[in-house]
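As a basis for the values below, the full set of heavy atoms in this structure was taken, side chains included, without hydrogen atoms, waters or symmetry mates. These numbers come from a predicted model, not from an experiment.
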Amino acid sequence: MITSTGIEKVAEYIKALVSKGTYTISGVTKDVSILKTELTGGILTIYLYLDNTDSGNISNIKLIDIAGSVFADKPDNITKTNTKGLLIAFKFTISEV
């Protein structure tokens, strides 16, 4: 059985592997820094935050690894106004099967 130490090490590896996020807004792809990461009970959550400077249709939200490849993606379509920010969460469950 994977121990809590093992889960923490896998989470740390994933955190070191992911370098940034990207998203497409009104047809333009933009980079976004990782806001924070959390590990709670075997669930690693990586947060991206889009501030209130952009507005339009948000799509193709991705996590990009250190080699420039797509690590994870969300094909969501979200309409964003410039009156609010947008918090995006990628959640990964780390478990033994």
Side-chain angles (χ1 to χ4, degrees):
M1 177 177 210
I2 190 168
T3 65
S4 60
T5 301
I7 289 171
E8 289 174 12
K9 288 186 181 214
V10 171
E12 287 299 320
Y13 176 76
I14 293 171
K15 285 169 38 177
L17 189 62
V18 175
S19 66
K20 66 180 178 180
T22 64
Y23 63 98
T24 303
I25 184 161
S26 301
V28 177
T29 300
K30 294 188 173 188
D31 291 346
V32 61
S33 298
I34 294 169
L35 175 66
K36 68 178 179 173
T37 59
E38 293 178 342
L39 179 63
T40 306
I43 298 173
L44 173 65
T45 307
I46 300 175
Y47 294 97
L48 305 176
Y49 180 71
L50 285 54
D51 63 22
N52 63 353
T53 58
D54 281 331
S55 63
N57 185 46
I58 305 282
S59 62
N60 299 319
I61 305 160
K62 299 175 183 176
L63 292 178
I64 307 298
D65 70 15
I66 56 176
S69 300
V70 175
F71 181 83
D73 65 349
K74 288 183 177 276
D76 299 343
N77 283 302
I78 303 164
T79 301
K80 183 183 170 307
T81 66
N82 63 358
T83 58
K84 296 180 183 177
L86 177 65
L87 184 64
I88 300 162
F90 285 84
K91 293 187 176 209
F92 304 96
T93 302
I94 302 168
S95 65
E96 181 178 354
V97 289

Strictly distance-based, threshold 3.5 Å: is any side-chain N or O of [X] a donor or acceptor partner for the main-chain N or O of [Y]?
{"X": "Lys80", "Y": "Asp51", "value": "yes"}
{"X": "Thr3", "Y": "Gly6", "value": "yes"}
{"X": "Lys15", "Y": "Ile46", "value": "no"}

Worksheet entry | Spacing of OG belonging to Ser33 relative to CG belonging to Leu48, to within rounding of 0.5 Å | 9.0 Å
Worksheet item: Distance from Thr22 atom OG1 to Lys30 atom NZ, nearest 0.5 Å?
Response: 12.5 Å
Within a strict 4.5 Å, meaning less than it, do heavy atoms of the [X] and [Y] side chains meet?
{"X": "Asp73", "Y": "Ile61", "value": "no"}
{"X": "Thr40", "Y": "Thr45", "value": "no"}
{"X": "Ile88", "Y": "Asp76", "value": "no"}

Discussion item. One pair to check against side chain to side chain contact (heavy atoms under 4.5 Å, CB included): Thr83 and Asn52. What are the steps and the verdict?
Written reply: CA-CA 6 Å; Thr83 58; Asn52 63 353; over 6 Å; no
Response to the item:
Partner of Tyr47 under side-chain hydrogen bond (donor to acceptor under 3.5 Å, both in side chains), picked from Lys36, Lys91, Glu38, is Glu38
Fill in: Candidates Asp54, Thr29, Asn60, Asp31 - the one meeting side-chain hydrogen bond (donor to acceptor under 3.5 Å, both in side chains) with Tyr23
Asp54
Assigning hydrophobic clusters by single linkage (Ile, Leu, Val, Met, Phe, Trp, Tyr; side-chain heavy-atom cutoff under 4.5 Å), is [X] placed with [Y]?
{"X": "Leu63", "Y": "Ile25", "value": "yes"}
{"X": "Ile43", "Y": "Ile7", "value": "no"}
{"X": "Phe92", "Y": "Tyr13", "value": "yes"}
{"X": "Ile66", "Y": "Val70", "value": "no"}
{"X": "Leu86", "Y": "Phe90", "value": "yes"}

Worksheet entry | Shortest non-hydrogen separation from Ser26 to Ser55 and the atoms involved | OG-O, 4.2 Å
Discussion item. Which heavy atom of Glu96 sits nearest to which heavy atom of Met1, and what is that distance?
Written reply: OE1-CA, 2.6 Å
Discussion item. Could you go through Leu35 and Leu87, starting from their C-alpha distance and side-chain angles, then the distance that decides it, and tell me whether this counts as side chain to side chain contact (heavy atoms under 4.5 Å, CB included)?
Written reply: CA-CA 9 Å; Leu35 175 66; Leu87 184 64; 3.8 Å; yes
Worksheet item: Does the side chain to side chain contact (heavy atoms under 4.5 Å, CB included) test come out yes or no for Thr37 and Ile14, once each step is laid out?
Response: CA-CA 10 Å; Thr37 59; Ile14 293 171; over 6 Å; no
